[in-house]
There are 2 protein chains.
Amino acid sequence: MDRVYKALADPTRRDILRLLRQRAMTAGELAGHFTLSKPTLSGHFAVLREAGLVHAEKVGTTITYRLHLSVLEDALRCLMDGFGLGERSTATHKPEGETS
Amino acid sequence: MDRVYKALADPTRRDILRLLRQRAMTAGELAGHFTLSKPTLSGHFAVLREAGLVHAEKVGTTITYRLHLSVLEDALRCLMDGFGLGERSTATHKPEGETS
DNA sequence: TCGGTAATTAGCAAAATACCGAATCATACG
DNA sequence: CGTATGATTCGGTATTTTGCTAATTACCGA
């Protein structure tokens, strides 16, 4: 799970995810949206892949990247759960004394 | 908002946030939960402060750190909104194929 | 097989990050 | 005052991250 946080820490990678949210794109197509070099972008793709946030599909010589929405969603939900957010006093556990 | 992502990227800082979720603690008290040196922890506190995730209250010579739950919640909500999560069937765009 | 295109890997420099010990600041107490 | 305590800031080092160019791999078409 640590890889997901690290992957989200970089603004370029967050931009990539936002682009992929609209539609799947090839590596070159994605690279066209940035001023960074292709190898640099390729490195960002690898980080996102290892975090499980995107899926790479090789067709011919081109590689199409697709957003793994479910993984991203799970990661954020796990994050919120970890901090006790998203649940409105579920009553499943007694949350600390909180003696104001 | 970038500061929030960066702050969450470090496991030690996430641990600090989880500790603070249970109750507010002083800097020294927090440091007692880690093997890291106090200056190192102090640096982590600063990052969390600058991200707005915690609030520091100085009483005597001691500084008590308190979690800003609302800021953390907002940050995560903003994160999910940015990626179009939290809303079911966006209907704002046609998600290609997606057969099966 | 040869040339061209798409993308990655290799190798390296620069910047950011994390860590520590020592020094410093601020407050409390005798 | 002088000292002790809680915490931060300072100076330095090691590691990680980010970026580049050049070289490499993989595939397609003529």
Side-chain angles (χ1 to χ4, degrees), chain A residues 1-20 22-68 72 75 79, chain B residues 1-20 22-68 75 79 96:
Chain A
M1 188 56 65
D2 190 68
R3 268 184 268 267
V4 175
Y5 296 111
K6 290 282 178 57
L8 290 174
D10 187 90
T12 298
R13 286 193 290 265
R14 290 197 301 273
D15 284 345
I16 293 172
L17 291 178
R18 290 206 181 81
L19 284 171
L20 288 181
Q22 304 170 6
R23 62 187 172 83
M25 298 172 88
T26 69
E29 200 172 3
L30 280 168
H33 286 80
F34 299 89
T35 57
L36 299 172
S37 75
K38 282 179 184 179
T40 295
L41 268 298
S42 193
H44 284 305
F45 299 155
V47 173
L48 291 171
R49 236 185 298 122
E50 279 154 29
L53 290 171
V54 303
H55 173 71
E57 193 176 357
K58 186 169 185 176
V59 169
T61 70
T62 71
I63 297 181
T64 298
Y65 283 99
R66 194 177 310 274
L67 179 60
H68 256 196
L72 182 54
L79 181 55
Chain B
M1 189 57 61
D2 188 70
R3 266 182 273 267
V4 176
Y5 297 110
K6 291 280 177 58
L8 290 174
D10 187 272
T12 298
R13 286 193 290 265
R14 290 198 300 273
D15 284 344
I16 294 172
L17 291 178
R18 289 205 181 82
L19 284 170
L20 288 181
Q22 305 170 4
R23 62 185 171 85
M25 298 173 88
T26 69
E29 200 172 2
L30 280 168
H33 287 79
F34 298 89
T35 57
L36 299 172
S37 73
K38 284 179 183 179
T40 295
L41 268 298
S42 193
H44 284 306
F45 299 154
V47 172
L48 291 172
R49 237 185 298 122
E50 279 155 31
L53 289 170
V54 302
H55 172 71
E57 193 176 356
K58 185 169 185 177
V59 170
T61 70
T62 72
I63 297 183
T64 298
Y65 282 100
R66 193 178 310 274
L67 179 60
H68 255 196
L79 181 55
E96 64 273 12

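Only heavy atoms go into these numbers, but all of them, side chains included; no hydrogens, no water, no symmetry mates. By convention in this document, chain letters (A, B, ...) are assigned in the order of the sequence lines, proteins followed by strands, and residues within each chain are numbered from 1.
- Annotation: side chain of A/L36 is in contact with side chain of A/T12 (closest heavy-atom distance under 4.5 Å).
- Between A/L48 and A/I16 there is a side-chain heavy-atom pair separated by less than 4.5 Å.
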Could you write out each protein N or O paired with an N or O of nucleotides 11-21 of chain C at a distance under 3.5 Å?
unit_1: C/dA18; atom_1: OP1; unit_2: B/D10; atom_2: OD2; d: 3.1
unit_1: C/dA18; atom_1: OP1; unit_2: B/R13; atom_2: NH2; d: 3.3
unit_1: C/dA18; atom_1: OP2; unit_2: B/R13; atom_2: NH1; d: 3.4
unit_1: C/dC19; atom_1: OP2; unit_2: B/H44; atom_2: NE2; d: 2.5
unit_1: C/dC20; atom_1: OP2; unit_2: B/S37; atom_2: N; d: 2.7
unit_1: C/dC20; atom_1: OP2; unit_2: B/S37; atom_2: OG; d: 2.8
unit_1: C/dC20; atom_1: OP2; unit_2: B/T40; atom_2: OG1; d: 2.7

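- In terms of the salt bridge (charged side-chain N to carboxylate O under 4.0 Å, His left out) criterion, A/R49 has no residue partners (sequence neighbours excluded).
- One finds no side-chain N or O of A/Y65 lying less than 4.0 angstrom from the OP1 or OP2 phosphate oxygen of C/dA6.
- You can see that DNA chain D meets the heavy atoms of chain B within a 4.0 Å-exclusive cut from D/dG6 to D/dT9, reading 5' to 3'.
- Sorted by first and then second residue, the pairs that involve residues 29-52 of chain B and meet ring pair (Phe, Tyr, Trp, His ring centres under 6.0 Å), not counting sequence neighbours, are B/F45-B/Y65.
- For the pair A/L19 and A/L67, the minimum side-chain heavy-atom distance is 4.5 Å or more.
- Within the 3.5 Å criterion, the main-chain N or O of B/L8 finds no donor-acceptor partner in the side chain of B/R13.
- Within the structure, no pair that satisfies the side-chain hydrogen bond (donor to acceptor under 3.5 Å, both in side chains) test touches residues 52-61 of chain A, not counting sequence neighbours.
- Scanning residues 52-63 of chain A for heavy-atom distances under 4.0 Å to DNA chain D yields A/K58, A/G60, A/T61.
- Using a 4.5 Å cut-off on side-chain heavy atoms (C-beta onward), A/R66 and A/L20 make no contact.
- At least one side-chain heavy atom of B/L17 sits less than 4.5 Å from a side-chain heavy atom of B/V54.
- The shortest side-chain heavy-atom distance between B/R23 and B/E29 falls under the 4.5 Å cut-off.
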